[in-house]
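Written below as structure tokens is the structure these notes are about.
Keep in mind that what you see is a predicted model, and the values were worked out from it rather than measured.
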Amino acid sequence: MTSLHTINDPSIAELEFGSGVEEALAASNYLFNSANSARYVADVLQGVNLVATTVSRTTRPFTGATPAELSARVEAVDLEQPLEDTAAALTELESLYLRDAVYFHDTKYAAHLNCPVVIPALVGEAVLSAVNSSLDTWDQSAGATMIERRLIDWTTERLGLGPDSDGVFTSGGTQSNLQAMLIARNHAVACLRLDPANAELRLPALLDRLRIFTSGASHFSIRKSASMLGLGYDAVVDIECDDNRRMDPAALARELAVCQAEGLIPLAVVATAGTTDFGSIDPLREVAALSRAHGSWFHVDAAYGGGLITSSRYRHLLDGIGLADSVTIDYHKTFFQPVSSSALLVREGAKLGHVTYYADYLNPESAARANVPNQVDKSIQTTRRFDALKLWLTLRTMGANGVGALFDEVIDLAARTGELLEAHPDFELAASPALSTLVFRYKPAGSSNADADILNPLIRSAVFASGEAVVAGTKMDGHHFLKFTLLNAETTLGDMNQIIELLRSTGESLRSSGIIAGGAA
């Protein structure tokens, strides 16, 4: 076969390929293959060196750049005119992105569930993106499929889901929760169809009576999933929490009884192991017992708290998770992996069949009968990255205990930071930390709830604009609060003291400006 690189006669090139042959020849020099391996090494090293240099010079988590500033820079780029080489493109990228990126590795970043990442995972990222395996079918992935399957087995073993368990990697907790609710819905519908009166009904007619039960502190993706699956937001029943922001089993029992009395069907009970705001873990054993008693699917959203399976000191906090029918885990949170890396695990692997669709060109049913390991049979995605490689290299380099030690350290730091906030006269701690998050607010003596509701969002915005630190915000019982999310084992109590003082001084300055009634003039 004639290739671009074997054409020397321009007339032949014109006849076989048309006038764009020169552009094609130039572009082909950028394809990753054996002929261009030297360019690959050189160009990738340029990118790696730029990132390393930028990180080594970064002294704060953010520059304070505004959306208007960054938008103007990006809009000024003429995408129809490429630059001369990779070096020029990287120089441009430094001004458009790297200089003003929000850096999660910085010890003053304490906002969202974004973790600093471990180096073995970055090595894995480089390998998987170059080889570019797609984890939908065996004939596109081979050994990658086996590595993913082994990591699924490792995770289910640590969760205690039993010998029939299985799972699949996903893009994140939202997708994992969606797939869990899809499986639960289809499982419930299959049970309903066993009744001859329902056998001929179309799916929409069967959904109206289905309900999902979860705490008011659970992740929004449960409600979003209910809407996407045709159940509607109002199919989700919010269960009251106790003072520690954990689902109240007594309240769950009452709502399940009401459901039964009204002839409705408890499709699923969703517990949370690590709520986004408070890190609270629902009483899993009690919730599991109630779910089982009512024939409901029991799902545990452990996107945040799932990292406890590697902990040497706090693993007991997940007691009862092995009773779940399905579990969500985000490796890109508390396993210190680059985005994206998540998984859905199920107690009975056969239940993954609720999302299976056989396509003749890709994964014909005959392949399943021949036990060909096509991962697309288990996934709601088709094309899927080999994200499992990042976790594989992490475990093979650091070991599970190494990962767990990092998580343990930030849990300890959150406890010590909570003590600082609790003792501080100008701050109010909303609840004792359960994992590595703290919800609190600036509320000095003499200030009202109304004052605090004005001040705290302004404090957060001002601190973010300064670039000196990044903290999050949330609402509790209708009032505005600040939030620390700690995932950096390099952050010290001294760093947290500095952030707290920055928040306090910013709040004091805002009060002094007269921004609230009664503030000093």
Query raised in the report: Are the side chain of N488 and the backbone of H105 linked by a donor-acceptor contact shorter than 3.5 Å?
Result: yes
Requested in this report: Can you sort out the partners of D139 under salt bridge (Lys or Arg N to Asp or Glu O under 4.0 Å), two or more places apart, ordered by chain and number?
Outcome: none
Report summary line: When every non-hydrogen atom of V118 is compared with those of L406, the smallest separation belongs to CG1-CD1, 4.0 Å
Query raised in the report: Less than 4.0 Å between a side-chain N and a carboxylate O, is that true for K443 and D451?
Result: no
Query raised in the report: Does the side chain of T276 reach to within under 4.5 Å of the side chain of T437, using non-hydrogen atoms?
Result: no
Query - Cationic N near anionic O, under 4.0 Å, R384 to E148 - result: yes
Query raised in the report: Do S436 side-chain atoms and L486 backbone N/O form a donor-acceptor pair below 3.5 Å?
Result: yes
**Report entry** Heavy atoms from other residues, nucleotides or ligands near CD of E240 exceed 12 (cutoff 6.0 Å)
**Finding:** no
Query raised in the report: Would you say E409's side chain and F407's backbone share a donor-acceptor pair under 3.5 angstrom?
Result: no
Query raised in the report: Under 3.5 Å, is there a donor-acceptor pair between the E348 and S165 side chains?
Result: no
Query raised in the report: Would a 4.5 Å heavy-atom cut-off, applied to side chains only, mark V117 and F336 as touching?
Result: no
Query raised in the report: Has the side chain of K390 got a donor or acceptor atom that lies under 3.5 Å from a matching backbone atom of V123?
Result: no
Report task. Describe, in one word, how the ring planes of H187 and H354 are oriented to each other, choosing from parallel (under 30°), tilted (30 to 60°) and perpendicular (over 60°). Result -> perpendicular
**Report entry** Test item: I183 and V355 side chains (from C-beta on) under 4.5 Å apart, heavy atoms
**Finding:** yes
Query raised in the report: Can you name the side chain to side chain contact (heavy atoms under 4.5 Å, CB included) partners of A288, sequence neighbours left out?
Result: F298, L323
Requested in this report: Could you give me the CA-CA distance, side-chain angles and deciding distance for T156 and D166, then say whether side chain to side chain contact (heavy atoms under 4.5 Å, CB included) is met?
Outcome: CA-CA 7 Å; T156 59; D166 200 354; over 6 Å; no
Report summary line: Those residues at least two apart in sequence (or on a different chain) that pass side chain to side chain contact (heavy atoms under 4.5 Å, CB included) with N114 are F104, Y109, H112
Query raised in the report: Does K483 use its side chain to pair, donor to acceptor, with the backbone of K475 at less than 3.5 Å?
Result: no
**Report entry** Minimum-distance pair of heavy atoms, taken over all atoms of I212 and A226
**Finding:** CD1-CB, 4.2 Å
Query raised in the report: Looking at side-chain heavy atoms only, is the closest gap between R158 and R315 below 4.5 Å?
Result: yes
Requested in this report: Identify the two heavy atoms, one from L210 and one from A188, that lie closest to each other, and give their separation to 0.1 Å.
Outcome: CD2-CB, 4.3 Å
Query raised in the report: Looking at the rings of Y103 and F62, which for Trp means the six-membered one, are their centres under 6.0 Å apart?
Result: no
**Report entry** Residues V236, D238; criterion side chain to side chain contact (heavy atoms under 4.5 Å, CB included); working and verdict
**Finding:** CA-CA 6 Å; V236 179; D238 282 351; 4.2 Å; yes
Report task. Using only heavy-atom distances, determine whether the side chains of D277 and T275 contain a donor-acceptor pair under 3.5 Å. Result -> no
Query raised in the report: Between S461 and L458, is there a donor-acceptor pair closer than 3.5 Å when you use the side chain of the first and the backbone of the second?
Result: no
Query raised in the report: Atom OH of Y233 and atom OG of S227: how far apart are they, to the nearest 0.5 Å?
Result: 4.0 Å
Report summary line: Separation between OH (Y442) and CD1 (I500), nearest 0.5 Å, reads 13.5 Å
Query raised in the report: Do R246 and P283 have side chains that get closer than 4.5 Å, going by heavy atoms?
Result: yes
Query - Test ring-ring contact (aromatic ring centres under 6.0 Å, His included) applied to H294 - qualifying residues, sequence neighbours left out - result: none
Query raised in the report: Any idea which heavy atoms bring D325 and S296 closest together, and the distance?
Result: OD2-O, 3.9 Å
Report task. Indicate the atoms forming the closest heavy-atom contact of T334 with G306, along with that distance. Result -> OG1-C, 4.4 Å
Query raised in the report: Okay, side chain of D153, backbone of R150: is any donor-acceptor separation there less than 3.5 Å?
Result: no
Query raised in the report: Is the backbone of L229 close enough, under 3.5 Å, to the side chain of R185 for a donor and an acceptor to pair up by distance?
Result: yes
**Report entry** Salt-bridge criterion met for D106 and K108 (N-O under 4.0 Å)
**Finding:** no
Query raised in the report: Do L252 and M247 touch side chain to side chain, with heavy atoms closer than 4.5 Å?
Result: yes
Query raised in the report: How would you list all residue pairs meeting side-chain hydrogen bond (donor to acceptor under 3.5 Å, both in side chains) that involve residues 172-183, not counting sequence neighbours?
Result: T170-S176, S171-Q175, Q175-Q381, S176-S342, N177-S221, N177-H299, N177-D301, N177-T328
Query raised in the report: Do W297 and S291 have side-chain atoms, one donor and one acceptor, less than 3.5 Å apart?
Result: no
Report task. Rounded to the nearest 0.5 Å, what's the gap from CD on Q375 to OG on S141? Could you check? Result -> 7.5 Å
Report task. Applying side chain to side chain contact (heavy atoms under 4.5 Å, CB included), name anything that partners M228, two or more places apart in sequence or on another chain. Result -> L178, K224
**Report entry** H479: partners by side chain to side chain contact (heavy atoms under 4.5 Å, CB included), with sequence neighbours left out
**Finding:** R441, N449, D453, F481
Report task. Side-chain contact test, heavy atoms from C-beta onward, threshold under 4.5 Å: evaluate it for T310 versus N401 and give yes or no. Result -> no
Query - Side-chain donor/acceptor of R245 to backbone N/O of F278, under 3.5 Å - result: no
Query raised in the report: Looking at side-chain heavy atoms only, is the closest gap between L203 and L207 below 4.5 Å?
Result: yes
Requested in this report: Return the minimal non-hydrogen interatomic distance between V270 and I222, and the atom names on each side.
Outcome: CG1-CD1, 3.8 Å
Query raised in the report: Quick one: ring pair (Phe, Tyr, Trp, His ring centres under 6.0 Å) pairs with a partner in residues 146-181, sequence neighbours left out?
Result: F169-Y331
Could you list the donor-acceptor pairs under 3.5 angstrom formed by side chains in residues 414-424, with sequence neighbours left out?
| from | atom 1 | to | atom 2 | distance (Å) |
| --- | --- | --- | --- | --- |
| T417 | OG1 | L413 | O | 2.8 |
| H424 | ND1 | D426 | N | 3.1 |

Query raised in the report: In Å and rounded to the nearest 0.5 Å, what is the CG to CG distance from L435 to L317?
Result: 6.5 Å
Query raised in the report: side-chain hydrogen bond (donor to acceptor under 3.5 Å, both in side chains): which pairs involve residues 252-272, sequence neighbours left out?
Result: none
Requested in this report: Enter the distance from I147:CD1 to R396:CZ here, rounded to the nearest 0.5 Å.
Outcome: 10.5 Å
Query raised in the report: So which pairs with a foot in residues 191-218 pass side-chain hydrogen bond (donor to acceptor under 3.5 Å, both in side chains), sequence neighbours left out?
Result: T214-S218, S218-R223
Kindly list each side-chain donor-acceptor pair under 3.5 angstrom involving residues 357-372, sequence neighbours excluded, with atom names and distances?
| from | atom 1 | to | atom 2 | distance (Å) |
| --- | --- | --- | --- | --- |
| N363 | OD1 | A359 | N | 3.0 |
| N363 | ND2 | Y357 | O | 3.1 |
| N363 | ND2 | D377 | OD1 | 2.7 |

**Report entry** Heavy-atom neighbours of I119 CD1 exceed 12 at 6.0 Å
**Finding:** no
Query raised in the report: Is the side chain of D248 donor-acceptor paired with the backbone N or O of A250 at a distance under 3.5 Å, no angle test?
Result: yes
